[in-house]
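This chain uses plain numbering: 1 for the first residue, then up along the sequence.
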Amino acid sequence: MRIDVLTLFPQVFDGFVASSIVGRAVASGLLTVACHDFREHAKNKHRSVDDRPFGGGPGMVLMCQPALDAFEALDADPDGKPLRILLTPQGERLDQRIVEELASVPRLALLCGHYEGFDERIRALSGAREISIGDYVLSGGESAAMVLIDAVTRLLPGALGDEQSARDDSFSDGLLEYPQYTRPREYRGLSVPEVLLSGDHGRIEQWRRSQARMRTSQRRPDLMEDGSH
Ligand code: SAM
């Protein structure tokens with residue numbers, strides 16, 4: 001999979017792309033992440049990418065030309081056109097279902113906003129899918145892009161040491177994950193549930209399933225609403 005990130009701050013991604021699961025996926029060739037400073041596409045004298053909003057108001061708005069030219073430059077790649085994504089608090093809220101959809105796309109191009117956001121015509125002319133990572137406002141789309149890249153990478157076959165791990169994760173089957181324990185067996189008076197030490201895989205599976213259901217109905221009853229659990 002290839003992900004191109006269009007940003008004004010490409011250096012923000014350096015450590016992220018080199019570390020942990022994403023770093024391993026990149027090193028093993030499963031994933032390519034290419035970050036581009038879309039200021040390089042600005043055609044005006046000062047290479048500015050933003051301007052004051054028509055109608056007045058605070059802050060600066062990202063102009064159409066640099067952002068759209070940056071998207072279009074990626075289309076020239078012989079590997080085919082990427083699915084365009086605009087990171088914005090006004091987009092559809094990212095969840096595991098959307099992450100699964102995006103993980104099956106061979107190429108993504110993520111546009112990170114800044115300042116007061118985008119000129120509306122970037123939305124109209126790019127045809128990008130608009131994604132939000134939650135109902136709060138960040139200063140820029142970079143951290144949102146990292147969230148999306150991280151979540152998608154976990155689903156690439158071979159990215160995790162153990163494929164079962166992504167299948168057990170919260171939300172993959174619509175439930176939160178069951179409680180996990182590691183050594184020691186007892187800590188400050190709290191013991192590991194006996195069933196996990198039993199070696200009986202059937203019982204362990206049953207216990208985990210019922211714990212996942214209980215935990216989900218306590219913490220996220222909204223996830224139980226479709227009745228399939
Ligand atoms: N004025 C904009 C609004 O109210 O919709 C918010 C602009 S925000 C300060 C700057 C940029 O951060 C946005 O263009 C977007 O790229 C990114 N951003 C902020 N919150 C986000 C969120 N919840 N999800 C995804 N991107 C977000």
Practice item. Treat each ILVMFWY residue as a node, draw an edge where side-chain heavy atoms are under 4.5 Å apart, and state whether Leu155 and Leu160 are in one component. Key: no
Review point. Would you say the side chain of Cys35 lies within less than 4.5 Å of the side chain of Val33, judging by non-hydrogen atoms?
Key: yes
Point to revise | Pairing of Asp69 and Lys43 as salt bridge, 4.0 angstrom limit | key: yes
**Study point:** Heavy-atom closest contact (His41 atom, Ala73 atom, distance)
**Key:** CE1-CB, 3.6 Å
Practice item. Go through the steps for Asp173 and Arg209 under the test salt bridge (Lys or Arg N to Asp or Glu O under 4.0 Å), then give the verdict. Key: CA-CA 11 Å; Asp173 62 355; Arg209 190 82 200 153; 2.8 Å; yes
Review point. SG/Cys112 to CZ/Phe118 distance, rounded to the nearest 0.5 angstrom?
Key: 7.5 Å
Review point. If you measure from CD on Glu100 to CG on Asp95, what distance do you get to the nearest 0.5 Å?
Key: 8.5 Å
Practice item. Output yes when a side-chain donor or acceptor of Arg203 lies under 3.5 Å from a complementary backbone atom of Val195, and no otherwise. Key: no
Exercise for review: Would you check, one step at a time, whether the test side chain to side chain contact (heavy atoms under 4.5 Å, CB included) holds for Leu30 with Thr153?
Suggested key: CA-CA 9 Å; Leu30 275 178; Thr153 302; over 6 Å; no
Exercise for review: Give a yes or no on whether a salt bridge exists between Arg107 and Asp75, defined as a side-chain N under 4.0 angstrom from a carboxylate O.
Suggested key: no
Practice item. State, with a plain yes or no, whether a side-chain heavy atom of His36 is found less than 4.5 Å away from one of Leu74. Key: yes
Review point. Given Thr88 and Glu130, is the side chain to side chain donor-acceptor pair (under 3.5 Å) satisfied, shown in steps?
Key: CA-CA 6 Å; Thr88 163; Glu130 299 187 34; 4.6 Å; no
Point to revise | Minimum side-chain heavy-atom gap Met1-Leu102 below 4.5 Å | key: no
Review point. Are side-chain heavy atoms of Phe171 and Arg220 found at a separation under 4.5 Å?
Key: yes
Check your understanding: When rounded to the nearest 0.5 angstrom, what distance separates CD1 in Ile122 from CG in Leu111?
Key -> 6.5 Å
Check your understanding: What heavy-atom pair brings Pro193 and Trp207 nearest, and what distance separates the two atoms?
Key -> CG-CZ2, 3.7 Å
**Study point:** Criterion side chain to side chain contact (heavy atoms under 4.5 Å, CB included) on Leu196 and Ile204, from CA distance to verdict
**Key:** CA-CA 6 Å; Leu196 296 179; Ile204 292 173; 4.0 Å; yes
Review point. Please walk me through it: do Met146 and Val12 pass side chain to side chain contact (heavy atoms under 4.5 Å, CB included)?
Key: CA-CA 10 Å; Met146 289 188 224; Val12 167; 3.2 Å; yes
Study note, to complete from the structure: Minimal heavy-atom distance between Ser126 and Arg84, with the atoms involved, is O-NH1, 3.1 Å
Review point. So, Thr216 side chain and Leu176 main chain: donor-acceptor pair closer than 3.5 Å or not?
Key: yes
Practice item. Would you check if Arg121 and Leu68 make a side-chain contact, meaning some heavy-atom pair closer than 4.5 Å? Key: no
Review point. Looking at CG of Leu175 and CE of Met214, how far apart are the two atoms once the value is rounded to the nearest 0.5 Å?
Key: 12.0 Å
Check your understanding: Going only through I, L, V, M, F, W and Y residues with side-chain contacts under 4.5 Å, is there a path from Leu83 to Ile131?
Key -> yes
Review point. Between the main-chain N or O of Ala159 and the side-chain N or O of Arg24, is there a donor-acceptor pair closer than 3.5 Å?
Key: yes
**Study point:** Student check: side-chain heavy atoms of Glu101 and Arg129 closer than 4.5 Å
**Key:** yes
Practice item. Kindly indicate, with the supporting measurements, whether the criterion side chain to side chain contact (heavy atoms under 4.5 Å, CB included) is fulfilled by Leu148 and Leu108. Key: CA-CA 11 Å; Leu148 191 154; Leu108 299 176; 4.2 Å; yes
**Study point:** Minimum heavy-atom distance Arg123-Gln90, with the two atoms named
**Key:** NH2-OE1, 3.5 Å
Point to revise | Under-4.0 Å salt bridge between Asp169 and Arg167 | key: no
Check your understanding: Is Asp37 close to Phe9 at the side-chain level, that is, under 4.5 Å between some pair of heavy atoms?
Key -> no
**Study point:** Gap between atom OG1 of Thr32 and atom CD1 of Ile3 - 0.5 Å precision
**Key:** 9.5 Å
Study note, to complete from the structure: Smallest heavy-atom separation, Arg39 atom then Ser48 atom, equals NH1-CA, 4.1 Å
Practice item. Please report the shortest heavy-atom distance between Phe13 and Val5, naming the atom on each side. Key: CZ-CG1, 3.6 Å
Point to revise | Same cluster (ILVMFWY, side-chain, under 4.5 Å), Phe38 and Val61 | key: no
Check your understanding: Transitively linked via ILVMFWY side-chain contacts under 4.5 Å: Leu156 with Val105?
Key -> yes
**Study point:** Linked, directly or transitively: Met63 and Phe71 (ILVMFWY side chains, under 4.5 Å)
**Key:** no
Review point. Are any of the side-chain heavy atoms of Val22 and Leu31 separated by less than 4.5 Å?
Key: yes
Review point. Which distance, rounded to the nearest 0.5 Å, do you find between the CG of Asp119 and the CD of Gln65?
Key: 12.0 Å
